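Please read these numbers as outputs of a predicted model, since none were measured by experiment.
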Amino acid sequence: MHSIAEGALSLEHSFDGQNFKLVAPLKLPETGEAPLADYSEILATDASKLLASAKSDGLYYIRISNGVVASIPARCWAVAGSDAQLVVHALGTGAVVAASLSAPCGANIASPSDATQIILPRIDSVQVVRPVPAPTVTLPAAAPSAALQQASNSAKGQVSQREGKKEELDKPDERTWIQKNWLPLTLVGFMLLNRMGQAGQEYAGGPPPPPGARALPAGASRPAGK
């Protein structure tokens, strides 16, 4: 795609959309209008072709840089006179993307019947149009909703709790051996006390009677030697 900055553009025209003829080189500015010398004179030399295309309800074509093509009904272009206009559309980069021909053209514009009725376009310049840059719109940052803020605070609280528990687990145990094992030591102490109590009761009641001996009544004593 040719660019305005390249400066190697040209204007061609055709009456059948196939056979294009060089009209003039184009040196387009960044914006505004560029002179187009000799266009009207060159079109006058092909007036008969323009008239024939108008009578057959054909089109008149222009081509820029062997790529961008525009057209208009020949019957309208043949009588456009000073109302004719040629516009080139370019991007911000300078690339030519389109062209347009404008002239009064409607149902009331009849095709000229002979060369004397032709009012050739008088074009001595080309207008360059570029798109207007769109304004920059900056949207204000949306304030977080109450529900979103609450969820965020809850998530932060859960993270803090997990971090606190992790710190407690990672903290070294500074308790003494007795503080760590007090429960089993207490159980052992109770067992020892219970055992000692049973032993004391057996000692206070004397030795147990031999096997087969009868139990004496309360207050009675066993005879000596028996």
Side-chain angles (χ1 to χ4, degrees), residues 1-140:
M1 185 177 292
H2 291 275
S3 171
I4 292 175
E6 294 176 1
L9 306 178
S10 61
L11 176 65
E12 302 170 341
H13 72 176
S14 171
F15 302 94
D16 58 6
Q18 297 179 352
N19 301 308
F20 283 87
K21 175 183 176 181
L22 178 63
V23 174
L26 288 178
K27 188 174 181 181
L28 302 176
E30 294 295 324
T31 56
E33 295 184 350
L36 183 62
D38 302 330
Y39 172 78
S40 298
E41 287 75 6
I42 294 175
L43 184 60
T45 61
D46 294 325
S48 59
K49 296 180 181 179
L50 182 60
L51 177 61
S53 180
K55 287 183 177 181
S56 63
D57 203 20
L59 298 175
Y60 172 71
Y61 300 85
I62 64 165
R63 184 169 66 184
I64 298 177
S65 302
N66 296 326
V68 178
V69 178
S71 63
I72 192 172
R75 61 182 177 83
C76 301
W77 199 246
V79 296
S82 59
D83 295 323
Q85 188 178 22
L86 171 59
V87 180
V88 172
H89 302 267
L91 297 177
T93 59
V96 177
V97 294
S100 61
L101 295 166
S102 61
C105 191
N108 58 334
I109 302 296
S111 300
S113 58
D114 54 48
T116 59
Q117 293 182 313
I118 291 180
I119 308 174
L120 293 175
R122 292 190 293 274
I123 297 179
D124 56 7
S125 64
V126 177
Q127 185 174 2
V128 179
V129 176
R130 291 198 182 199
V132 178
T136 303
V137 179
T138 303
L139 297 177

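- Atom CG of L86 sits about 4.5 Å away from atom CD1 of I62, to the nearest 0.5 Å.
- Rounding to the nearest 0.5 Å gives a distance of 12.5 Å between OH of Y61 and CD1 of I72.
- Note that CG of L11 and CD1 of I42 are 8.5 Å apart. Values are rounded to the nearest 0.5 Å.
- With rounding to the nearest 0.5 Å, the separation of CZ in R122 from CG in L43 is 12.0 Å.
- The ring-ring contact (aromatic ring centres under 6.0 Å, His included) analysis of residues 80-120, with sequence neighbours excluded, yields no pairs.
- Put simply, the side chain of S10 never gets that close to the backbone of V23: no donor and acceptor are under 3.5 Å apart.
- Looking at K21 and T45, their side chains come closer than 4.5 Å, going by heavy atoms from C-beta outward.
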What verdict does the side chain to side chain contact (heavy atoms under 4.5 Å, CB included) test give for L101 and H13, after you've listed the backbone C-alpha separation in whole Å, the side-chain angles of each residue and the deciding distance to 0.1 Å? CA-CA 12 Å; L101 295 166; H13 72 176; over 6 Å; no
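- When all heavy atoms are compared, the tightest approach of A74 to A54 is CB-N, 3.6 Å.
- Annotation for L59 and S71: closest pair CD1-OG, 4.1 Å, computed over non-hydrogen atoms.
- Taking the six-membered ring for Trp and the full ring otherwise, F15 and Y60 have centroids separated by under 6.0 Å.
- With values rounded to the nearest 0.5 angstrom, S56 atom OG is found 10.0 Å from D16 atom CG.
- The two residues F20 and E12 make their nearest non-hydrogen contact at CB-OE1, 3.8 Å.
- Looking only at side-chain heavy atoms (C-beta outward), D124 and S40 stay at 4.5 Å or farther from each other.
- Smallest separation of non-hydrogen atoms from A84 and A103: CA-CB, 4.5 Å.
- Atoms CG and OG, on D114 and S48 in that order, are 13.0 Å from each other to the nearest 0.5 Å.
- Across all non-hydrogen atoms, the minimal contact from L50 to A78 is CD2-CA, 3.7 Å.
- Sorted by first and then second residue, the salt bridge (Lys or Arg N to Asp or Glu O under 4.0 Å) pairs with a member in residues 72-88 read D57-R75; sequence neighbours excluded.
- The two residues A99 and I64 come nearest to each other via the heavy atoms CB-CD1, 3.7 Å.
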